[in-house]
Amino acid sequence: PPGREVLPTATVETYAGRVRGAAQGGVLRFLGVPFAAPPVGALRFRPPRPPTPWAGVRDALQSGPAAPQRSIPAFRWINAATSTLDEDCLYLNIWTPNADGARRPVLLWLHGGGFLVGSGATRIYDGSALSRRGGAVVVTINYRLGAIGFSNLSTIFPSELPDSNNLGLRDQIAALEWVRDNIERFGGDPGNVTVFGQSAGGMSVGALLGAPRARALFHRAVCMSGAADNVNSRMRAHTVAEKLLYELGGPSPDATALGRIPIERLLQAQRRTVMSLSNLRTLMCFVPSVDGELIPEQPIKAIARGAAARIPILTGATLEEWKLFGLMDAGAFPEERLIERFSSVLRALPSAPPAGAAARLYQQALGGRQAASRPRWVWHAFQTARVFHWPSARLAEAQHRGGGAAYSYLVTWRAPFARRAVGACHAIDIPFVFGMTSHPLMIPLAGMSYRAGRLSRRMMDSWLRFARSGDPGHRKLPPWPRYTPELRSTMLLGRRCELAEAPLEEERRLLERWSAQPAHSFDRAEPLPERAHSGTFG
């Protein structure tokens, strides 16, 4: 209740045992709380199991280990974990105004990192400011990554590992189940849970919207720079698993050997698999997949049929997402290179013209935007639209078609110290949502002006109001209507916040035309592979 003192420490009883948290930043925080048993040894490629009960009081003062991963140098500043790496990684962190049973809205964060890196303990995911401002309970979690979290081995070992698929998603669901069973004791409302995530986290939210078992566990969904299109078909998932086993090598069809392989060797095989199967067109290979059980079909199809109609969705992206990835793309970028890049991805767009014509048409569609002025920036704009803007529009349209509420946004804030090179890039929205714009790591993105703090407050209030009511509008923003295919109403969040109808429409129309798949068409074939694994490892 307002005015109640936050005690220096607090002890809460969970179903597995008591945990002790401490006050910091005006809220209580409980760090490193196990929500599942350690997925190690024989459990490495098994679904998560309930945490092992403990006696006495467990200190929850330090975040648990992050999932094993190979850090990506260019993104260490955004994905750096504050903890060690270990397969024993299924821990969550909680920030709450008070552990008093007040039934506050709960926001559960799924971190990004391409399903390969990241941690719920990353510094800029500190939930203190969001919890304090909104009187909400904020939860961040870890989940298994890469080859362990997103290899579908059930088609290769149907008897030995029948449910070894989507393990990272199953971890996320286990965390949601833990929240359902325990969060009321931390001052949260298990009947009002919002799942929000960015990049791979946003894609995870999109995948969870397609999982019947998961949909019963949350009530709002926020997809930031990730929607519902990044889910492998069964055939693609089978190919990825076969390639991983091939890279592990060795003559043994015994599935139990998977749990004994040294983690470093597994990460090396994962890296070789990614290098072999990922490119500018497919981007990622270890992602959620249709498995016929947890995810029965492509989530976008289920959403369009109304499966998630009761769950309001907030979906959006940043204006210049791909500029972050462009930082790794050094060297000259003449028009010939632009045409080569277009050629490399047009196979995903079956009705696209030849690469040269496509590049020119896309540059024309950019109109007077600065993105049209150089080949490098045309490429950034194209990949931004193809990988982020277009899937977000498809998700909003699918939700509308299914009878549910969807709200759309576009973050237009550009990094003050690198407006052209970095711009409104991927991940620039995270510090604004978490109220972390003044953190030293974020100053290059947010700057030091009052405008950054003002935008952060507006975005925090939108996310918090959405968590409470399913509507992100508030009095500091223009009226924010639901998304409809006719108007495509989108809130622009930047130095100025204003509502736009059908922003970037010419780019969207080109992608719709080239894909031969209008935004309202959500049919995709999902063939089940008939081949069994004949390779070996061990």
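When every heavy atom of Arg144 is checked against every heavy atom of Pro39, the shortest pair comes out as NH1-CB, 3.5 Å. The minimum heavy-atom distance linking Glu321 with Ser225 is given by the pair OE2-OG, 2.5 Å. The two residues Thr318 and His389 have their closest heavy-atom pair at O-NE2, 2.9 Å. When all heavy atoms are compared, the tightest approach of Leu280 to Gln383 is O-NE2, 3.5 Å. Of all heavy-atom pairs between Thr273 and Leu244, the closest is OG1-CA, 3.5 Å. Listed here is the closest heavy atom pair of Ala228 and Ile303: CB-CD1, 4.2 Å.
Sorted by first and then second residue, the pairs that involve residues 59-68 and meet salt bridge (Lys or Arg N to Asp or Glu O under 4.0 Å), not counting sequence neighbours, are Arg20-Asp59.
No side-chain heavy atom of Tyr407 sits less than 4.5 Å from a side-chain heavy atom of Ile313. Using a 4.5 Å cut-off on side-chain heavy atoms (C-beta onward), Val231 and Met203 make no contact. Here the side chains of Ile428 and Ile430 are not in contact, with every heavy-atom distance at 4.5 Å or above. Within the 4.5 Å cutoff, the side chain of Tyr91 has heavy atoms near those of the Pro65 side chain. Leu169 places a side-chain heavy atom less than 4.5 Å from the side chain of Ile295. Considering only heavy atoms from C-beta on, Val106 stays 4.5 Å or farther from Thr194 through its side chain. Looking only at side-chain heavy atoms (C-beta outward), Leu153 and Glu160 stay at 4.5 Å or farther from each other. At a threshold of 4.5 Å between non-hydrogen side-chain atoms, the residues Val222 and Val205 do not count as touching.
In this structure, Trp322 and Trp379 have perpendicular ring planes: the angle between them is above 60°, well past the 30° mark.
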task: Might you work through the side-chain hydrogen bond (donor to acceptor under 3.5 Å, both in side chains) test for Ser128 and Asp126, ending with a clear yes or no?
output: CA-CA 6 Å; Ser128 299; Asp126 186 303; 2.7 Å; yes

query: Can you list the steps and then say if Glu177 with Arg213 is a salt bridge (Lys or Arg N to Asp or Glu O under 4.0 Å)?
result: CA-CA 10 Å; Glu177 291 172 338; Arg213 178 179 151 200; 3.5 Å; yes

message: Does Thr315 form a side-chain hydrogen bond (donor to acceptor under 3.5 Å, both in side chains) with Ser392? I'd like the steps, not just the answer.
response: CA-CA 6 Å; Thr315 178; Ser392 180; 2.8 Å; yes

field: Stepwise salt bridge (Lys or Arg N to Asp or Glu O under 4.0 Å) test for Glu264 and Arg70
entry: CA-CA 10 Å; Glu264 183 61 29; Arg70 290 184 177 277; 2.4 Å; yes

- request: Under the side chain to side chain contact (heavy atoms under 4.5 Å, CB included) rule, what do Glu242 and Ile156 come out as? Steps first, then yes or no, please.
  value: CA-CA 8 Å; Glu242 281 196 317; Ile156 296 174; 4.1 Å; yes

- request: Under the salt bridge (Lys or Arg N to Asp or Glu O under 4.0 Å) rule, what do Glu297 and Arg305 come out as? Steps first, then yes or no, please.
  value: CA-CA 12 Å; Glu297 60 182 334; Arg305 285 205 316 275; 2.4 Å; yes

query: Stepwise, does the side chain to side chain contact (heavy atoms under 4.5 Å, CB included) test hold for Ile148 with Leu266?
result: CA-CA 9 Å; Ile148 298 177; Leu266 190 58; 3.5 Å; yes

field: Verdict with reasoning, Leu107 to Leu464, per side chain to side chain contact (heavy atoms under 4.5 Å, CB included)
entry: CA-CA 8 Å; Leu107 294 94; Leu464 289 162; 4.2 Å; yes

query: Please walk me through it: do Arg234 and Asn152 pass side-chain hydrogen bond (donor to acceptor under 3.5 Å, both in side chains)?
result: CA-CA 9 Å; Arg234 295 190 190 187; Asn152 186 349; over 6 Å; no

task: Please lay out, stage by stage, how Leu410 and Leu493 fare under the test side chain to side chain contact (heavy atoms under 4.5 Å, CB included).
output: CA-CA 6 Å; Leu410 185 68; Leu493 299 168; over 6 Å; no

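For Phe434 and Trp109, the distance between ring centers is under 6.0 angstrom. Proximity of the aromatic rings of His111 and Tyr143 is defined here by a centroid distance below 6.0 angstrom, and this criterion is met. Phe30 and Phe186 have their aromatic ring centers within a separation under 6.0 angstrom. Between Trp463 and Phe196, the distance from one ring center to the other does not fall under 6.0 angstrom.
With sequence neighbours left out, Val287 forms a side chain to side chain contact (heavy atoms under 4.5 Å, CB included) with Phe115, Asn232, Met284. Take Arg185 and apply the side chain to side chain donor-acceptor pair (under 3.5 Å) test, not counting sequence neighbours, and it matches no residue.
The environment of CZ in Arg271 is sparse: at most 12 heavy-atom neighbours from other residues, nucleotides or ligands sit within 6.0 Å. Under a cut-off of 6.0 angstrom, the local environment of CZ in Arg281 is crowded, with over 12 non-hydrogen atoms contributed by other residues, nucleotides or ligands.
Between Asp229 and Arg394 a salt bridge is recorded (basic side-chain N to carboxylate O distance below 4.0 Å). No salt bridge links Glu397 with Arg401; every basic N to acidic carboxylate O contact stays at or beyond 4.0 Å.
A side-chain donor-acceptor contact under 3.5 Å links Gln399 to the backbone of Ile311.
Taken to the nearest 0.5 Å, the CG atom of Leu277 stands 5.0 Å off from the SG atom of Cys285. Atom CD1 of Ile141 sits about 7.0 Å away from atom CG of Leu176, to the nearest 0.5 Å. The structure places CD of Glu247 at 11.5 Å from CD of Gln270, a figure rounded to the nearest 0.5 Å. Rounded to the nearest 0.5 Å, atoms CZ (Phe150) and CG (Leu167) are 8.5 Å apart.
Relative to the ring axis of Trp390, Arg386 does not place its NZ or CZ within 45° and under 6.0 Å from the centre.
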